[in-house]
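Single-structure report; data block below.
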Amino acid sequence: MSEAQEKIDMIIIGGGPAGLSAAQYAARAGLKAYLLEEMAPGGQTLVVDDLENYPGFVDPVSGFELADKFQRQAEQFGAKIVLTSVEAVDHNSDGSFTVKTSDGEYTVPVVVMATGAKRKELGIPGEKEYQGKGVSYCATCDGPFFRDKKILVVGGGDSACGESLFLSKITQNVVIIHRKDRFRAQRSIAGMVEHDDHIETRFMHTLNEIKGDGSRVTTVSLHDIEHDRDYDEQFDAVFIFIGANPKTNLIPYAETDADGYVVTDELMRTSIPGLYAVGDVRNGPFKQIITAASDGAVAAHFASEFIDELKGQSYK
Ligand code: NDP
């Protein structure tokens, strides 16, 4: 296929906000950039109904509309978006990368990984049914819909504890359950949770089931591990933060942290020269659309400098 044989500067893999922002900045910098996406561009943004916190949008904007604007802006500057499935990213001995897709392959000096992460779900009854009706995986996005309501948080890591603290500013009635007898979260964040008057901590607890009236969450079934008993309790919302699986399978040679996220420096460079990682796939501390977009801009800018240096040497 002819497109795949064209000389291009940068392949961006993944069409969420991080990838689309990288594509826009790369194209504006005069690079020939292709963004490869398996499905419709937009990534996880597409599932957000009302985004209230993206700067510049005074009224809530739908994730779909925002993603569409990201895409059109990138294309307007000349970025090319290709719908295809990436099967492998080979790192060649001359430092270049060969990106193999279901439609052909590209050999390029720079690859930007924007493949994101897949949030973990509990897989319990009611979880899928009540997604968007009280079950959420993002406190910043959905917390404000449950002002002064009773909220259950599941998880014991930095996300669960950090998001509980966010939710405790919205309501005085947050209960966090964790399956162990202590939090995994950093001591400072866990300590703040345990001392917050609006948060009740219940260790050694798991969630069996989420119940509702068909349109919203009303009750949950909890399991008290220590006393080996199940009980029902009224809740208006359930926020689940049990980690995510970053999608790094295409680049097994890049350094990752203990949780599997790609390690980058502040220029979004990975351990491999020419390979950048942006958005939820990398080890950033705050995973939001705006931080993903920022990552993309940073990566494209410094990748452009990297390519200029290469062009000064041999790459044409
Ligand atoms: P983590 O993987 O760190 O924590 C997941 C938590 O969910 C753990 O407590 C785990 O329990 C629990 N869990 C996992 N599976 C289940 C299950 N099936 N049922 C019940 N509980 C379950 O994920 P996070 O999203 O919290 O953090 C991901 C990464 O992002 C980490 O590196 C974290 O440090 C970082 N991060 C940093 C922040 C910051 O610095 N401010 C903020 C947010 C994230 P168990 O402990 O028993 O394994």
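Starting from 1, each residue takes its place in the sequence as its number. Order of appearance sets the numbers: ligands from 1, and atoms from 1 within every ligand.
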Is the backbone N or O of [Y] less than 3.5 Å from a side-chain atom of [X], with the two atoms forming a donor-acceptor pair by type?
X: S62; Y: E65; result: yes
X: S159; Y: F241; result: no
X: Y130; Y: G214; result: yes
X: H198; Y: D196; result: no

- Task: Answer yes or no for atom 36 (N) of ligand 1: protein heavy atom present at a distance under 4.0 Å?
- Result: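 It does; a protein heavy atom is within 4.0 Å.
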Mark up the atoms of ligand 1 that fall under 4.0 Å of a heavy atom belonging to [X], in ascending order.
X: K180; answer: 45 (P), 46 (O), 47 (O), 48 (O)
X: H178; answer: 9 (O), 11 (O), 45 (P), 46 (O), 47 (O)
X: P285; answer: 38 (C), 39 (C), 42 (C)
X: F241; answer: 7 (O)

- Could you tell me if any non-hydrogen atom of K120 lies under 4.0 Å from any atom of ligand 1?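 Contact absent.
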- Non-hydrogen atom of T206 closer than 4.0 Å to ligand 1: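 It does not; every heavy atom stays at 4.0 Å or beyond.
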Tell me which protein heavy atom sits closest to [atom], plus the residue, atom name and distance to 0.1 Å.
atom: atom 31 (C) of ligand 1; result: D259 OD2, 3.4 Å
atom: atom 19 (N) of ligand 1; result: L122 CD2, 3.4 Å
atom: atom 25 (O) of ligand 1; result: S159 OG, 2.6 Å
atom: atom 46 (O) of ligand 1; result: R184 NE, 3.2 Å
atom: atom 10 (C) of ligand 1; result: R179 NH2, 3.9 Å
atom: atom 28 (C) of ligand 1; result: Y261 OH, 4.0 Å
atom: atom 40 (O) of ligand 1; result: Q186 NE2, 3.1 Å
atom: atom 33 (C) of ligand 1; result: D158 OD2, 3.4 Å

- Donor + acceptor pair across side chains of T264, T270 (<3.5 Å):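 Note: T264 and T270 side chains miss the donor-acceptor criterion.
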- Using the benzene-type ring in the case of Trp, are the ring centres of H301 and Y25 under 6.0 Å apart?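 When the ring centroids of H301 and Y25 are compared, they turn out to be at least 6.0 Å apart.
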- Does the gap between the ring centers of F302 and Y276 come in under 6.0 Å?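 Centroid separation for F302 and Y276: 6.0 Å or greater.
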- Query: Does CD belonging to Q172 count more than 12 external heavy atoms closer than 6.0 Å?
  - Reply: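 No, the 6.0 Å shell around CD holds no more than 12 heavy atoms from other groups.
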Using heavy-atom distances, let me know which of [options] sits nearest [atom].
atom: atom 23 (O) of ligand 1; options: A185, G243, G157; result: G243
atom: atom 5 (C) of ligand 1; options: I189, V154, I242; result: I242
atom: atom 9 (O) of ligand 1; options: P246, G156, G123; result: G156

Do the charged groups of [X] and [Y] touch, with an N to O distance under 4.0 Å?
X: K80; Y: E75; result: no
X: D213; Y: K133; result: no
X: R202; Y: E233; result: yes

- Message: Taking 4.0 Å as the limit for heavy-atom contacts, which would you say applies to F286 with ligand 1: side chain only, backbone only, both, or neither?
- Response: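 It is neither part, as no heavy atom is under 4.0 Å.
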- Message: Pair D280, K287 - check salt bridge (charged side-chain N to carboxylate O under 4.0 Å, His left out), show working.
- Response: CA-CA 6 Å; D280 285 4; K287 293 178 167 54; 5.7 Å; no
